[in-house]
Each structure stands twice: as C-alpha cells, then as structure tokens.
Amino acid sequence: MNHNWKKTFAVIYSGQAFSLLGSSAVQFAIIWWLTAQTESAVTLTLATIAAMLPNMLLGLFAGVWIDRYNRRTIMIAADGLVAVSSAVLGIAFQAWGAPPTVFIYAVLFLRGVGNTFHAPAMQAAIPMFVPAEMLTKAGGWGNLVTSVSTMLGPALGAGMMAVFSIAPMMLLDIAGASLAILCLMRISLPDVPGSGQRVRVFADAKQGFLAMKENKPLMAVFFPVLFASMLYMPLGSLFPLLVRLHYGGGPGHNAFVEFVFSAGLLVSSLSMGIWGGMKKRFTMISMAVGVLGLAAFCGGALPAGGFAGFAVCCLVMGSSGTFFNVPLMAYIQETVAPQMMGKVFSLLSTAMTLATPVGLLLAGPVSQAVGVPLWFMASGILLAAAGLVCYFAAGKYD
C-alpha cells in the first residue's frame, strides 16, 4: 500500500477536477448549441442517448479490459479519447460552421466510450493506494471534487458562450483532459494480479457476474439500491414542473431549488470526507434511501404555499444520494478482489445507467397522468419501502 496515499490521491483528483470542469462546460455548450439550432426535444433526447449508449453496449465488458491492463493506462487512454473527440468536433465547427447533427451524435458517443472506461477504472484504482479504513472518507472527497466541477462547468460554459463561438470552447476540454493525463503520468499504479493475460471477453465478464453473485451482502443491497436509483433519477428532471405547476414559481425559484439540491450534494460529500460515515454501512445506506423517500413524499405533499419547505426537501434529497452511494462504493472497494473490481464496477455502472432511462420513461407518462405532486408522493413511499427492504436484507451483514 502506498504510504503517501494522500499525495497520490490529490494529484489524481487535481487533474480530474480540471478534466471534469472542461467536459462539463463543453457538454453544456454542445447541448445548448443543439437546442438553439434545432429547438427539438427529439434531438436533445437522441443526444442524451448517444452519450449513454456506450455504457449500455460496452459497460458489461469494459471491466474485462480494466482488470487485464494497468488502470492508470486505461484512464490516460480514456482522457485521451475525450480530448481527441473534442479536437475533432472543434475542427468540424470551424470548418463547417454547423456540422451535421449525426456527426455530433457520433462525437458524443466517442466521449461516452471514454467515460464508460474511465469511471470504473478510477473506482477500481482507488483501493490500490488508499488504506481500507480511509476508503469512505476518500470517496467523500472524490465526490466533492466531482460535484464542484460538474456544478461549475455549466456556469463556465454559459459564460464562455457569451464571449466565444463554440469551436474555440473545445480547447477547454482538450486542456482539461491534457492536465488530467499529465497528473496521471506523475503517479504509478501496480499492475492488477493476472494482468497481461489473454482477454477472454465473455468468460471474463462471466467471472464478474459470479464475483457479484458470490458477494451476498452486495447482492442484498444491490437490488434495493438499483430500484431506488430508478426512482431517484427522474425526481430532479421533474423539479421544474413541480415548481411551476404546484408551487407557482418561476425560473428564479427553479434555479434556487437546483442550487439547494447541489448544495446538499456538496455538504454531504464534505461531511463524508471529514466524518467517514457510520461503521454500520448497510444501515447507513438503508437510512439514506428511507430519508430520501421521506423528503420526496413531503415535496409532493406540501401545499402550494410551502415552497420554503420544498427547498428543505431538495437539500435533503441532494444529500441522500451521497450517503448511500459513497458507503456502497467503499464496501465494494474493500471486499471485491482486485482482479475482479473493474468488472464489478462496470456491471454496477451499466445497471445504474440502464435504470435512468427506465425511470424517466416511467416517470414521464405517469406523472403527466396523475400529476407531478402525486408522483413525488408515490416515489417517496416506494423509496421508503426500498430503504426498509435494504435494511432487512443487508442490515444483518453489518
């Protein structure tokens, strides 16, 4: 174990902060450009699908390569792919002015490929140098860096779009990815046991499934958390409708609740970095899901004049995600064998990615039929039930 792990952690996440900031700003710029050019909800939906599709198609198998090759090399290659895709898109904007929409989808797909490999490789790399007893705290600090970067990215993107055309903005992403690569080149990570052996895609992927299946506490918590994620993801997308239709608010009110939600995410990440969470992790995960359900229920049940109370609910909802995500990641990092960790994180990432569109497809028509407040209340009840199931299924393993 690296005794100077804090320095290694700081070097990696310093680079990732710039990379995430640049990617978030450029992603915002691309989506806004598509919005202004097409004014089409279908176009934006297809753009989102293009970015998520690599995880859906490759996520089940990405961990095979993550566990066969050096994880630092995987992260460098992923950051490099993002930089190249931004360079290609910048050249296209400069040359064509308005590239074909299909071309932009292809670039978003390439960026998605990079993210499909980068995120699980990063999670699998952390326990290679962070002591086991510090994994939860490290997860909190990492979550904080990610949250701040993704919060500031859209603001930076909007500010730059007011001054520059979209083509030179791609340089921001290229610079961020380059800094991340330079930081990664400053550290070293050992090879995973069994690395360098011939890749057997389906056989190795099957080993990842078996590693998850044999980890009984992980399987006990996996399905309730997956169900909770399916309900959790659409809530944020429905904030504007709830604010406008139920609470009678305007853009300023919506911006405020989005800010409060993000503040909850930041505060919870900071607290996990300092505190490290409860020793009984599965109890903590269950409580977080249950509290999330209570906040969602209250958000829909409050009267039309209860906007201040809804803001408090948003703060709680923003915090809850961290309190069940970080302990779960730390548990996997502690208990899964190093040569299986990339596959397990890839499988988990793919499951969560697939849960998002399923939740959105369910939430959209149902909330339109019964009303957004009732959907929040129903989601809250189901989330609280998921928390109880999680506690009775996994709490015994604490």
Answer yes or no: is there a side-chain heavy-atom contact under 4.5 Å between [X] and [Y]?
X	Y	value
F222	F227	no
I49	M56	no
F9	I126	yes
L362	P234	no
M352	V225	yes
E258	M151	no
L242	P373	yes

Q.
I'd like to know if K343 pairs up with D204 as an ion pair, taking the criterion as any Lys NZ or Arg NE/NH1/NH2 lying under 4.0 Å from an Asp or Glu carboxylate oxygen.
A. no
Q | Side-chain ion pair, K279 and D398, N-O less than 4.0 Å | A | no
Q.
I need the single residue from V221, I285, L135, T283 that forms a side-chain contact (heavy atoms from CB on, under 4.5 Å) with P327. Which is it?
A.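 So, applying the side-chain contact (heavy atoms from CB on, under 4.5 Å) to P327 and each of V221, I285, L135, T283, only I285 qualifies.
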(Q) Here's a test for you: under side-chain contact (heavy atoms from CB on, under 4.5 Å), which of D79, T146, L21 qualifies with Q16? (A) D79
Taking the six-membered ring for Trp, are the ring centroids of [X] and [Y] within less than 6.0 Å of each other?
X	Y	value
F109	Y105	no
Y397	Y331	no
F282	Y391	no
F307	H253	yes
F297	F376	no

Looking at [atom1] of [X] and [atom2] of [Y], how far apart are the two atoms once the value is rounded to the nearest 0.5 Å?
X	Y	atom1	atom2	answer
L171	M160	CG	CE	8.0 Å
L292	S319	CG	OG	10.5 Å
L265	T150	CG	OG1	7.0 Å
H246	L374	NE2	CG	11.0 Å
S165	W33	OG	CH2	11.5 Å
L235	M233	CG	CE	10.5 Å

Q | With T136, the side chain to side chain donor-acceptor pair (under 3.5 Å) member among E334, R281, Q333 | A | R281
Q. Any side-chain donor-acceptor pair under 3.5 Å between T322 and N143?
A.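 Side-chain D/A pair, T322 to N143: present.
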Q | Closest non-hydrogen atom pair, M170 against I30 | A |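 Of all heavy-atom pairs spanning M170 and I30, the closest is CE-CG1, 4.3 Å.
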Q.
Can you give me the closest heavy-atom contact between D67 and P338, atom names plus distance?
A.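 Distance-wise, the nearest heavy atoms are OD1-O, 3.8 Å.
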So does [Y] get a backbone contact from the side chain of [X], meaning a donor-acceptor N/O pair under 3.5 Å?
X	Y	value
R71	A124	yes
R72	I187	yes
N70	L189	yes

Q) Between W32 and F28, what is the ring plane arrangement, given parallel below 30°, perpendicular above 60°, and tilted in between? A)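 Parallel: the ring planes of W32 and F28 meet at under 30°.
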Q.
Starting from V316 and following side-chain heavy-atom contacts under 4.5 Å between hydrophobic residues (I, L, V, M, F, W, Y), which residues can be reached?
A. V291
Q) For F164, does the CZ atom sit with more than 12 other heavy atoms under 6.0 Å from it, leaving out its own atoms? A)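 Count not over threshold, so no.
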Q: Look at atom CE of M219 and say whether more than 12 heavy atoms of other residues, nucleotides or ligands are closer to it than 6.0 Å.
A: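 Atom CE in M219 is crowded, with more than 12 foreign heavy atoms closer than 6.0 Å.
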Q. Among pairs that include at least one residue of residues 373-389, which meet side chain to side chain donor-acceptor pair (under 3.5 Å), considering only residues two or more places apart or in two chains?
A. W375-S379
(Q) Using the rule given for side chain to side chain contact (heavy atoms under 4.5 Å, CB included), can you reason through F61 versus S346, listing the C-alpha separation, both sets of side-chain angles and the distance that settles it, and then say yes or no? (A) CA-CA 7 Å; F61 308 105; S346 291; over 6 Å; no
(Q) side chain to side chain donor-acceptor pair (under 3.5 Å) for T116 and N55? Distances and angles first, verdict last. (A) CA-CA 5 Å; T116 298; N55 204 332; 4.6 Å; no
